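Okay, so here's the structure we're looking at.
Note: hydrogens, waters and symmetry copies are ignored here, and every other heavy atom, side chains too, is used. Please read these numbers as outputs of a predicted model, since none were measured by experiment.
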Amino acid sequence: LPPILDKIMPSQAAAKAGLQPGDRILSINNQKITNWYDLIKFIQANPNKTVPVTVQRGHQNVNVTLAIGERYVNRLKPIGFIGVQPIAVD
């Protein structure tokens, strides 16, 4: 899957950072993102970190600051969470 955002959950980290549906994540914390798996892997490994994100929005690149949130899996350890879903690919 390409790293393109579709659904942005209100009040979650992505919405607070100003990310929008259709944004393509180009890099996070200066690491190139080429697919959805790369994005999720980074986010889940970095709860409660604030990182720079570069997205392609239309024909321009936009820089935002993303404060990654957290949620618990099996109440054991937190994973990063920003509240987004990928664009559907047919």
Side-chain angles (χ1 to χ4, degrees):
L1 284 174
I4 300 174
L5 307 181
D6 184 25
K7 294 193 175 18
I8 310 286
M9 296 178 187
S11 304
Q12 296 297 326
K16 291 176 182 175
L19 294 174
Q20 298 176 8
D23 284 352
R24 176 185 283 269
I25 307 295
L26 300 176
S27 69
I28 186 166
N29 203 33
N30 302 311
Q31 295 179 29
K32 186 176 180 181
I33 300 295
T34 59
N35 59 56
W36 189 258
Y37 175 77
D38 290 345
L39 174 64
I40 297 305
K41 183 177 168 186
F42 181 90
I43 296 221
Q44 289 183 345
N46 290 283
N48 300 311
K49 292 204 169 129
T50 299
V51 294
V53 177
T54 301
V55 301
Q56 180 182 358
R57 183 175 296 157
H59 295 294
Q60 61 184 349
N61 290 353
V62 177
N63 297 307
V64 300
T65 300
L66 176 66
I68 300 171
E70 72 175 11
R71 67 178 178 184
Y72 283 82
V73 177
N74 299 330
R75 297 184 182 174
L76 298 177
K77 82 175 205 184
I79 61 170
F81 180 76
I82 63 169
V84 296
Q85 291 180 348
I87 195 162
V89 177
D90 293 332

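Note on Val84 and Ile79: separate hydrophobic clusters, where clusters join Ile, Leu, Val, Met, Phe, Trp and Tyr whose side-chain heavy atoms are under 4.5 Å apart, directly or indirectly. Cluster membership check: Val64 shares its hydrophobic cluster with Leu39, using side-chain heavy-atom separations under 4.5 Å among Ile, Leu, Val, Met, Phe, Trp and Tyr.
Shown here are the side chain to side chain donor-acceptor pair (under 3.5 Å) partners of Thr65, two or more places apart in sequence or in another chain: there are none. Evaluation of the side-chain contact (heavy atoms from CB on, under 4.5 Å) rule for Glu70 yields Pro47, Asn48, Tyr72, Pro78 as partners, not counting sequence neighbours. Remark: Thr54 pairs with Leu26, Ser27, Asn61, Asn63 by the side-chain contact (heavy atoms from CB on, under 4.5 Å) rule, at least two apart or across chains.
The side-chain heavy atoms of Val53 and Ile33, taken from C-beta on, include no pair separated by under 4.5 Å. Residues Val73 and Phe81 have side chains not in contact (no heavy-atom distance under 4.5 Å, counting atoms from C-beta outward).
Listed by first and then second residue, the salt bridge (charged side-chain N to carboxylate O under 4.0 Å, His left out) pairs that reach into residues 31-44 come to none, sequence neighbours excluded.
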Taking only distance into account, with no hydrogens and no angle test, what donor-acceptor pairs under 3.5 Å do side-chain atoms of residues 1-24 form with protein atoms, sequence neighbours excluded?
{"residue": "Asp23", "atom": "OD1", "partner": "Arg57", "partner atom": "NE", "Å": "2.8"}
{"residue": "Asp23", "atom": "OD2", "partner": "Gln20", "partner atom": "N", "Å": "2.8"}
{"residue": "Asp23", "atom": "OD2", "partner": "Arg57", "partner atom": "NH2", "Å": "2.8"}

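Counting only distance, with no hydrogens or angles, the side chain of Asn29 and the backbone of Gln31 share no donor-acceptor pair below 3.5 Å.
Other residues sharing a hydrophobic cluster with Leu76 under the 4.5 Å side-chain heavy-atom criterion for ILVMFWY residues do not exist; the residue is a singleton.
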Just do the side chain to side chain contact (heavy atoms under 4.5 Å, CB included) check on Asn46 and Val51 with the steps written out, would you?
-> CA-CA 9 Å; Asn46 290 283; Val51 294; 5.9 Å; no
